[in-house]
Amino acid sequence: MPNNKNVWAAVTYRVAALIGLSLACGCPPSLAADHALSAYDLIIEHGRIVDGTGAPWFTADIGIRAGRIAAIGRLDKAAAKQRIDAIGRVVAPGFIDMLGQSELTLLVNPHVPSKIFQGITTEITGEGESVAPVDAAIAKEAAPKFSHYGITQDWSDFTGYFARLEKQGIGINIGTYVGATTVREMIIGYADRAASPDELTRMQAIVAAAMRQGALGVSSALEYAPAPYASTEELIALASTAAQFGGIYATHMRSEQQSIMAAIDETIRIGREAHIPVEIWHLKAGGVSNFGLMPEIVARIDRARTAGVDIAADTYAYPAWYNDLSAFIPPWAHEGGDAKLIGRLQDPAVRARLKTELAAVANDWDNEWQSVPGPEAILIATVLNPKLIDLQGRSLAEIAKARGTDPKDTLFDILVEDGVKTTVAVFAMSEPDIALAAVQPWVSFCNDSEGTSPEGLLGKEFPHPRAYGTFPRVLRKYVREERRMRLEEAIRKFTSLPASRLRLNDRGVLKAGMWADIVVFDPEQITDKATFSAPKQLSVGMQWVLVNGVPVIADGVTTNALPGRVLRGQGYQLAR
């Protein structure tokens, strides 16, 4: 038998050694013990730590091992395979994009430089229509976009899609919602009618399956047909199913303009009755007639939060939104899908009706023609038809003048010529409203744009500048120049706030045990470069970006590493 006295002496010596090491390095015994065990893969030293909680910054080193943060403290005596000197720079958690659109572009360029040069390490996608599930009708409707990107759709559910991402590799982490629109299309198609009780039960089963496969929740985009055909009760039923799996409900609300207050009330009701956390995407007071409405919007949401509804929002903080040009067409004309819409747009009688409806204020749909001061505020962004490439970056007013056609007819013509796949930037928000939303403590940030690149196939597109600049823009404009928020608060809105909303419990904060999604940047240099006239410009100032402990930007240069992971929701169940 071992001598107990000798064993105790050995333990005492070990503890004393660890305490001595901790005193020498200025860190707690637990941290000293950690870096006494083995060398770190990487140490970021001398940085100004902004940990994501909103707390004041402090100076420390961060030790990373096996993709996770292993220690935070003074690690100058520790062994490491690589060291990064971050003196004079901010070290923060990687930024979380609360709404991206990169589910397909990650298959084209998995490095998505437009994202990583902003410091984005995690994106959440799936706005109403999600990349899965897929049936023959959905695949047919989406075929033009897949053809444009050269992608073969070889999955039918999230399990297959996630497997494809993991086999290929991705530069950032990605998670997705299951779209309520997609679920409706699977069961009802593109018809403008209510779901029967049996159909609703089948739709709930699809949501449940998606949650088990890793969806983070259920989402809606109620401006875009066939989504407006869904009742509030239908959405409550789908959200209730997601809630059973720990999911959340995220929404592009039914109205962001004339009927926004009613839309907020509907969203609050869904959260309350489905017993589910709610995220309002890209919160805005849209339309020139709604300028100055944001204080009332904020008050409405604050009252709901006070009453116990778990509701929050995000924003991209630009004065123009970005969506499909087809959103200018009322929902009834979309019934039956894109082919039916194109046929209607070619019918002179339907065109006459549409012109009349666009000229009138509407309360039952967001009439975007009424939201803008004129066609000069509608900027053609990306087209799918290569014959229309010269339209990119030009206003509808300019194109109409060049063609010698009425602006409304020009809009209809472009939709027909481009197979209703055109996207536009619409200038119809006021800066005071945008800023007020951005500073609310429950508002995080989103790009609401797909990951892209200035080069290759994606470089031929003409995106909204938010695709390249959202997060650096906030740091430049609202933190450095206008001083509307502290740096620590902006970082909290980029990191721990969205992580907590999404139940990403091992990301969003710099803390031992968390995944090492980390950015290192100069707070005086971080800047967005993208503009509406020249959007394809990478942001500057990010010196290092780590995803799961692996640099995807090193000394300001991409490494072409693909360390991203698929992030699955709390309801995820391994296939048996």
Side-chain angles (χ1 to χ4, degrees), residues 44 47-58 60 62-64 66-72 90-100 102 115-116 118-125 170-177 214 216-217 246-248 250 277 279 281 310 312-316 438 440-447 470-472 474-475 479 485-521 542 544-550 552 563-570 572:
I44 303 172
R48 177 176 158 187
I49 307 296
V50 180
D51 67 5
T53 65
W57 67 270
F58 59 94
I62 298 179
I64 298 167
R68 292 184 182 265
I69 298 171
I72 300 177
V90 167
V91 181
F95 304 158
I96 299 174
D97 183 354
M98 283 294 273
L99 176 61
S102 304
K115 299 272 180 178
I116 61 173
Q118 293 183 64
I120 294 169
T121 57
T122 294
E123 175 193 305
I124 311 302
T125 189
I170 47 179
I172 61 173
N173 305 310
I174 188 168
T176 182
Y177 298 96
L216 296 169
I248 75 171
E279 180 77 13
W281 277 321
D310 186 358
D314 50 67
T315 178
Y316 43 76
Q440 298 309 306
W442 36 264
V443 169
S444 53
F445 289 91
C446 69
N447 263 25
T470 299
F471 290 79
V474 171
L475 294 173
V479 175
M485 65 180 84
R486 297 163 47 247
L487 173 65
E488 291 90 343
E489 174 64 2
I491 297 300
R492 183 188 72 85
K493 288 167 163 287
F494 293 175
T495 58
S496 68
L497 175 58
S500 66
R501 299 297 302 161
L502 296 161
R503 310 300 192 257
L504 302 178
N505 299 323
D506 52 4
R507 299 179 193 272
V509 176
L510 297 182
K511 177 182 174 184
M514 307 289 272
W515 284 105
D517 295 339
I518 300 176
V519 296
V520 180
F521 64 92
M542 279 292 163
W544 290 82
V545 176
L546 278 63
V547 176
N548 300 308
V550 178
V552 294
R565 292 170 176 257
V566 172
L567 305 183
R568 295 172 172 86
Q570 294 192 336
Y572 174 61

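None of these values were measured; they are calculated from a predicted model.
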**Report entry** Gap separating the OG1 atom of Thr470 from the CG atom of Asn447, nearest 0.5 angstrom
**Finding:** 4.0 Å
Query - Donor on one side chain, acceptor on other, Trp515 and Asp506, under 3.5 Å - result: yes
Query raised in the report: Under the 3.5 angstrom rule, does the side chain of Asp517 hit a backbone N or O of Pro93 as a donor-acceptor pair?
Result: no
Query - From Leu567 atom CG to Thr122 atom OG1, the distance as rounded to the nearest 0.5 Å - result: 5.5 Å
Query raised in the report: What distance do Ile124 atom CD1 and Ile248 atom CD1 have between them, rounded to the nearest 0.5 Å?
Result: 8.5 Å
Query raised in the report: Atom CD1 of Ile44 and atom CG of Leu546: how far apart are they, to the nearest 0.5 Å?
Result: 5.5 Å
Query raised in the report: Which heavy-atom pair separates Thr495 from Ile96 by the least distance, and what is that distance?
Result: O-CD1, 3.5 Å
Query raised in the report: Knowing that exactly one of Glu279, Met98, Glu123 qualifies, which makes a side chain to side chain contact (heavy atoms under 4.5 Å, CB included) with Cys446?
Result: Met98
Query raised in the report: Are any side-chain N or O atoms of Thr121 and backbone N or O atoms of Val547, one a donor and one an acceptor, separated by less than 3.5 Å?
Result: no
Query raised in the report: Do the side chain of Asn173 and the main chain of Arg565 share a donor and acceptor less than 3.5 angstrom apart?
Result: yes
Report task. Would you confirm whether Thr125, through its side chain, and Thr176, through its main-chain N or O, come within 3.5 Å as a donor-acceptor pair? Result -> no
Requested in this report: For the pair Phe521 and Phe95, name the ring-plane relationship: parallel under 30°, tilted 30 to 60°, perpendicular over 60°.
Outcome: perpendicular
Query - Pairing of Asp314 and Lys493 as salt bridge, 4.0 angstrom limit - result: no
Requested in this report: Side-chain contact test, heavy atoms from C-beta onward, threshold under 4.5 Å: evaluate it for Leu475 versus Leu487 and give yes or no.
Outcome: yes
Query raised in the report: What's the spacing between Leu216 CG and Arg503 CZ if we round to 0.5 Å?
Result: 11.0 Å
Requested in this report: Please round to the nearest 0.5 Å and tell me the distance separating atom CZ of Phe471 and atom CG of Asp97.
Outcome: 5.0 Å
Report task. Any chance you could lay out the side-chain contact (heavy atoms from CB on, under 4.5 Å) test for Ile72 and Phe58, step after step, and finish with the verdict? Result -> CA-CA 11 Å; Ile72 300 177; Phe58 59 94; 4.2 Å; yes
